[in-house]
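To start, the structure itself, in structure tokens.
Start at 1 with the first residue, then count along the sequence.
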Amino acid sequence: MDVRAILDDKGRSERSGAVETIRPDADLLLAARLLRAKGVGALVVSPDGVAVDGLISERDIVVALAERPDVVLRRRVSDVMRRDCLIAAPGDDLATVMAGMTRRRQRQVPVVADGRLVGVVSVGDVLNHQLDEVTLEMRVLRDVAIARS
């Protein structure tokens, strides 16, 4: 199974939509407002909506708040974003990406194809996909058991 399968599933569901991005020169107040308005846990940091500079998550903003509460909302996204984030390609093995997400404690992974941002895969997306697979497998095994009895 690869990352493309999740992107395809998201494209067919109501969970789909444009990838939420923010410019690196935006302030953290805008980032916090976008996270809340869009109902997402992270934004892809991109100067143009195509290239990926990194990610900024709710956790990054909370850490910045704890470090510098007096100026946190005036700080730039580029000051606190995660630059070394895991980035996947559509053809990447899902198990490998999941292991990387776990190892890095990263809940969202930008997906890039031919140098262009094409989507984001979240832990929730992965869990939903796995649940769908397990449910299908269970139904097939149940049908086989019924057919044999």
Side-chain angles (χ1 to χ4, degrees), residues 1-140:
M1 190 63 55
D2 60 18
V3 171
R4 184 178 294 104
I6 290 183
L7 293 179
D8 290 347
D9 284 348
K10 287 176 76 169
R12 288 188 295 265
S13 74
E14 293 185 26
R15 293 177 288 162
S16 67
V19 177
E20 302 301 336
T21 63
I22 191 165
R23 293 179 49 84
D25 58 350
D27 60 40
L28 291 185
L29 179 58
L30 176 60
R33 286 181 171 158
L34 279 173
L35 288 166
R36 182 171 184 259
K38 301 299 183 177
V40 295
L43 301 166
V44 176
V45 181
S46 173
D48 55 9
V50 176
V52 176
D53 287 357
L55 281 176
I56 184 149
S57 68
E58 297 162 326
R59 179 181 293 169
D60 298 323
I61 294 172
V62 169
V63 169
L65 176 63
E67 291 172 350
R68 303 277 319 268
D70 53 329
V71 296
V72 69
L73 297 180
R74 293 189 307 267
R75 292 181 73 187
R76 299 282 166 232
V77 167
S78 60
D79 295 337
V80 300
M81 70 183 207
R82 182 180 222 178
R83 295 176 192 279
D84 64 340
C85 66
L86 176 65
I87 296 176
D92 286 351
D93 176 65
L94 191 54
T96 303
V97 172
M98 289 169 31
M101 292 172 82
T102 301
R103 193 171 39 258
R104 292 171 175 247
R105 301 180 58 120
Q106 183 176 326
R107 295 182 182 122
Q108 298 83 7
V109 175
V111 182
V112 174
D114 299 320
R116 299 183 60 83
L117 177 64
V118 296
V120 171
V121 172
S122 71
V123 168
D125 297 331
V126 171
L127 291 175
N128 283 329
H129 187 76
Q130 287 182 321
L131 181 59
D132 290 346
E133 282 189 338
V134 167
T135 301
L136 176 63
E137 185 176 318
M138 180 190 68
R139 288 179 180 157
V140 168

Say whether, by atom type as modelled, one donor and one acceptor occur between the side chain of [X] and the main chain of [Y] under 3.5 angstrom.
X      : Y      : value
Gln106 : Leu86  : yes
Asp9   : Ile6   : no
Ser46  : Ala51  : yes
Asn128 : Asp125 : no
Arg83  : Ser78  : yes
Asp2   : Ala5   : yes

Provide the closest heavy-atom pair for [X] versus [Y] in the form atom of the first, atom of the second, distance.
X      : Y      : answer
Pro90  : Val118 : CG-CG2, 4.3 Å
Val120 : Lys10  : O-NZ, 2.5 Å
Ala26  : Leu30  : CB-CD2, 3.9 Å
Asp48  : Val50  : OD1-N, 2.9 Å
Val77  : Ala31  : CG2-CB, 4.1 Å
Leu117 : Pro110 : CD1-CB, 4.0 Å

State the [atom1]-[atom2] distance between [X] and [Y], to the nearest 0.5 angstrom.
X     : Y      : atom1 : atom2 : result
Glu58 : Asp60  : CD    : CG    : 10.0 Å
Leu29 : Leu34  : CG    : CG    : 10.0 Å
Met98 : Leu127 : CE    : CG    : 7.5 Å
Met81 : Leu43  : CE    : CG    : 12.0 Å
Glu67 : Arg75  : CD    : CZ    : 6.5 Å
Leu55 : Ile22  : CG    : CD1   : 12.0 Å

**Prompt:** Going through the distances and angles, do Val126 and Leu94 end up as a side-chain contact (heavy atoms from CB on, under 4.5 Å)?
**Reply:** CA-CA 8 Å; Val126 171; Leu94 191 54; 4.1 Å; yes
**Message:** Other residues, nucleotides and ligands only: do more than 12 of their heavy atoms fall within 6.0 Å of CZ on Arg76?
**Reply:** yes
**Item:** Test: Arg82 and Asp84 ion pair at under 4.0 Å
**Value:** yes
**Prompt:** Quick one: do Asp114 and Arg116 make a salt bridge, cutoff under 4.0 Å?
**Reply:** no
**Leu7 vs Val121, side-chain contact (heavy atoms from CB on, under 4.5 Å): CA-CA, chis, key distance, verdict** = CA-CA 7 Å; Leu7 293 179; Val121 172; 4.0 Å; yes
**Asked** Do the non-hydrogen side-chain atoms of Leu35 and Ile61 ever get within less than 4.5 Å of each other?
**Response** yes
**Prompt:** Would Leu28 and Ile56 count as a side-chain contact (heavy atoms from CB on, under 4.5 Å) if you check the C-alpha gap in whole Å, the side-chain angles of each, and the deciding distance to 0.1 Å?
**Reply:** CA-CA 9 Å; Leu28 291 185; Ile56 184 149; 3.5 Å; yes
